[in-house]
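Beneath this line is the structure, given in structure tokens, with notes to follow.
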Amino acid sequence: MKTSPAPTTGRTLAQELLDWYDHHHRDLPWRISPPMAARGIRPEPYHIWLSEVMLQQTTVQAVKAYFAKFMTRWPTVDALAAAPSEDVMAAWAGLGYYARARNLKKCAEAVASLHGGRFPDTEDGLRSLPGIGDYTAAAVAAIAFNRPAAVMDGNVERVISRLFAIDAPLPGSKPAMKARVAELTPIDRPGDFAQAMMDLGATICTPKRPACALCPFRGDCRALDGDDPERFPVKAAKKEKPIRQGAAFVAVDMDGKVLLRRRVETGLLGGMTEVPTTAWNSRKDGETGPSAAPFFAEWQACGTVTHVFTHFELRLSIYRFHGPAPEGVAVHGWWEDVANLDAQALPTVMKKAISQAIPEAFPVNRG
DNA sequence: GAGCCGTGGAT
DNA sequence: TATCCAAGGCT
């Protein structure tokens, strides 16, 4: 057991990590692996940027299919900039945090029109673009442009907080932790260092049951010295989620078309497609029943759908109608063929609501 | 600075 | 079942 020490010098730690990365890095569709990099292959900034935005608060597993879809449909940032917003939103549907998709489009347009289709190659330049914050600016600068930027995400926070046994709770301790990262980041291979820290956090230095025996920092880790790595990082307590309730109305006309609407551009599910719903509030369900439907008809109750958002839980009562569409009902929306619902920008909660009323709307072809 | 902003997988 | 939380950004 070490008594003092100061973990070894920053350069040594970085070297230990890079050696580990050379052997244990993950192969990812947007990544240039060390052997490829050794042959002079550089990452494509567009690919790094797109993957980083998709990966914000989102798992690698979930991102892979979306990244492939975007690569096929929009191979360049110019192609993405020229795409209709509705197409981009529909392609993003299901991935969540839809402000990312709106900003993705804005960012692509800015790069295409203001920068000639090339991403800025500095942290500050990247940081000024829509949807690119501290993390993404540093990540793209380091990975795509080999800039020695201090990259800190949730993985890095975990690794650093354990390595130095930082007791101060997040997010307050973030600046101090970033300073540590900056000290450790090597001048050569800053991009690989950043990716190595994140791979380490994702595969070895995990939130639960970290595989410390396999960690390149096992001889330097203060948390491991203390015998309880899971204690880090220390985080501020989070508050509980309120429950909101509402009703959703799935209307199907005589041609088998469903009444849809587009949500306002900002806020929750901004710019996405929905079926008509009441407001989502905390009142009792009886006050938001079929009397709030988009038109008067024999609405049939068909159960409830529960969906958990980031800061509240939603309980939606679902109502179904099948019959001739009243005149003028779709002035603020449109009737969409059930067979074409997959091409719409429907967030998951809306697919759940529609599936409750029309079980065959989204055939379960998985598994 | 703290609240808002999705979703699905792991434990 | 409940909880956490994943390559965060914007206001």
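Below, chain A is the first sequence line, B the second, and so on; all start at residue 1. Note that the structure is predicted; figures quoted are calculated from it, not measured.
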Passing candidate, ring-ring contact (aromatic ring centres under 6.0 Å, His included) with A:W30, options A:F67, A:Y46, A:Y66, A:W49: A:F67

Using whole Å, report how far [atom1] of [X] lies from [atom2] of [N].
X: A:E313; N: B:dC4; atom1: CD; atom2: P; value: 16 Å
X: A:Q61; N: B:dG9; atom1: CD; atom2: P; value: 8 Å
X: A:K241; N: B:dC5; atom1: NZ; atom2: C1'; value: 11 Å
X: A:E240; N: B:dA2; atom1: CD; atom2: C1'; value: 17 Å
X: A:L129; N: C:dC10; atom1: CG; atom2: P; value: 10 Å
X: A:R100; N: B:dG6; atom1: CZ; atom2: P; value: 9 Å

Go through [options] for me and flag the one nearest to the [X] side chain.
X: A:K239; options: B:dT7, C:dG9, B:dC4; answer: B:dC4
X: A:Y135; options: B:dC5, B:dT7, C:dG9; answer: C:dG9
X: A:W30; options: C:dA7, C:dG8, B:dT7; answer: C:dA7
X: A:K238; options: C:dC10, C:dC4, C:dA7; answer: C:dC4
X: A:R127; options: C:dC10, B:dT7, C:dG8; answer: C:dC10

With the threshold set at 4.0 Å, does a side-chain nitrogen-carboxylate oxygen contact exist between A:R263 and A:E274?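 A salt bridge is present here (some side-chain N lies under 4.0 Å from a carboxylate O).
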
Give a yes or no on whether a salt bridge exists between A:D199 and A:R31, defined as a side-chain N under 4.0 angstrom from a carboxylate O. yes

Ring centres of A:F309 and A:F312 under 6.0 Å apart? yes

Classify [X] by what it touches in the nucleic acid, base, sugar-phosphate, or nothing, heavy-atom distance under 4.0 Å.
X: A:I143; answer: nothing
X: A:G94; answer: sugar-phosphate
X: A:V60; answer: base
X: A:V308; answer: base
X: A:P207; answer: sugar-phosphate
X: A:T348; answer: sugar-phosphate
X: A:A202; answer: sugar-phosphate
X: A:T136; answer: sugar-phosphate

Does [X] make a side-chain donor-acceptor contact with the base of [N], cut-off 3.5 Å?
X: A:T59; N: B:dG9; answer: no
X: A:Y97; N: B:dG6; answer: yes
X: A:T58; N: B:dG6; answer: yes
X: A:R158; N: C:dA6; answer: no

Residue met sooner reading DNA chain C from 5', once A:N103 and A:Q195 are mapped to nucleotides: A:Q195

On DNA chain B, nearest-nucleotide positions of A:K208 versus A:L269: which is more 5'?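 Between the two, 5'-proximity favours A:L269.
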
5' priority, DNA chain B, between A:R209 and A:Q57 [closest heavy atom]: A:Q57

Taking the inter-plane angle between the rings of A:F70 and A:W92 on a 0 to 90° scale, is it parallel (under 30°), tilted (30 to 60°) or perpendicular (over 60°)?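 Because their plane-to-plane angle is over 60°, the rings of A:F70 and A:W92 count as perpendicular.
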
Heavy-atom count around A:R118 CZ within 6.0 Å, excluding the residue itself: above 12? no

